[in-house]
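What follows is a single structure, written as structure tokens, with notes after it.
Order of listing sets the numbers, starting from 1, for every ligand and every atom in it.
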Amino acid sequence: MATNRTFTMIKPDATGAGKTGAITKMIEEAGFKIIAMKKVWLTAELAGKFYAIHKERPFYKDLCSYMSSGPIVPMILEKENAVEDFRKLIGATDPAKAAPGTIRALFAKSIDANAIHGSDSDANADIEGNFFFSQFERFEK
Ligand code: UDP
Ligand code: MG
């Protein structure tokens, strides 16, 4: 399994605010190579599948409706130490606690509408990338 890849998605609050380009620019300027990228609109059911790990948490239902409220931009990214470095680039879940200059500090509206996702482990990066990108699509190996 790759240890130099992570998975991200720009969330509906940020795509809706026209920040896809600004966020993608920050990602590339931080040294991440975009391996795969597309714009899609999830149903609440599919959002629920993606976030199944959180299904016992109180915010799960709201999270599923928020994540299906507008388009998202999923991407597979590559960089040395990708998972950890990307979590640093996006900042804490709650933008009020995110370090200055991080993507969430700059673009997130709230703890739920927080602009961007970043995988928390190599194993989850692999699972989450495979959720959105089929092995039958041609993208950089
Ligand atoms: N979330 C929320 N309320 C909370 C915690 C999380 O709405 O109290 C949402 C938020 O969009 C977050 C996602 O659920 O990004 C997944 O939560 P997690 O704890 O995995 O945070 P992350 O890994 O995204 O920083
Ligand atoms: Mg998480």
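On a distance-only criterion, Tyr51 and ligand 1 share no N/O pair closer than 3.5 Å. Note: no N/O pair closer than 3.5 Å links Tyr66 and ligand 1 by distance alone. At under 3.5 Å, not a single nitrogen or oxygen of His117, backbone or side chain, sits near a nitrogen or oxygen of ligand 1.
Taking the six-membered ring for Trp and the full ring otherwise, Phe132 and Phe50 have centroids separated by under 6.0 Å. Within the 6.0 Å centre-distance limit, the rings of Phe32 and Phe86 are counted as a close aromatic pair.
Remark: minimum distance from atom 4 (C) of ligand 1 to any protein heavy atom is reached at Phe59 CD2, 3.5 Å. In terms of protein heavy atoms, atom 20 (O) of ligand 1 is closest to His54 NE2, 3.1 Å. Scanning all protein heavy atoms for the shortest distance to atom 7 (O) of ligand 1 gives Asp112 CB, 3.1 Å.
For the ligand labelled ligand 1, residue Arg87 lies inside the 4.0 Å heavy-atom shell.
For the pair Lys38 and Phe133, the cation sits on the ring face: its NZ or CZ lies under 6.0 Å from the ring centre, inside 45° of the axis.
The atoms of ligand 1 that sit less than 4.0 Å from any heavy atom of Arg57 are 19 (O). Counting atoms of ligand 1 from 1 in the listed order, those under 4.0 Å from a heavy atom of Leu63 are 9 (C), 11 (O), 14 (O). The distance from ligand 1 to the heavy atoms of Asn114 drops below 4.0 Å at these ligand atoms: 10 (C), 11 (O), 12 (C), 15 (O).
The option with the heavy atom closest to atom 22 (P) of ligand 1, from among Asp13, Ile111, Thr93, is Thr93.
Residues Asn130 and Phe7 fail the side-chain proximity criterion, which asks for heavy atoms closer than 4.5 Å.
With a heavy-atom cut-off of 4.0 Å, Arg104 touches ligand 1 through its side chain alone.
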Quiz item: Under the side chain to side chain contact (heavy atoms under 4.5 Å, CB included) criterion, do Asp120 and Arg87 qualify, and how do the steps go?
Solution: CA-CA 7 Å; Asp120 60 9; Arg87 297 282 297 192; 4.2 Å; yes
Self-check item: Test log, rule side chain to side chain contact (heavy atoms under 4.5 Å, CB included), inputs Leu89 and Thr102
Solution: CA-CA 5 Å; Leu89 179 67; Thr102 57; over 6 Å; no
Practice problem: Apply the test side chain to side chain contact (heavy atoms under 4.5 Å, CB included) to residues Asp94 and Asn114: give CA-CA distance (whole Å), side-chain angles for both, the deciding distance (0.1 Å), then the verdict. | Solution: CA-CA 7 Å; Asp94 181 353; Asn114 61 359; over 6 Å; no
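With respect to Lys79 and Asp85, a salt bridge is recorded, a charged nitrogen being found less than 4.0 Å from a carboxylate O.
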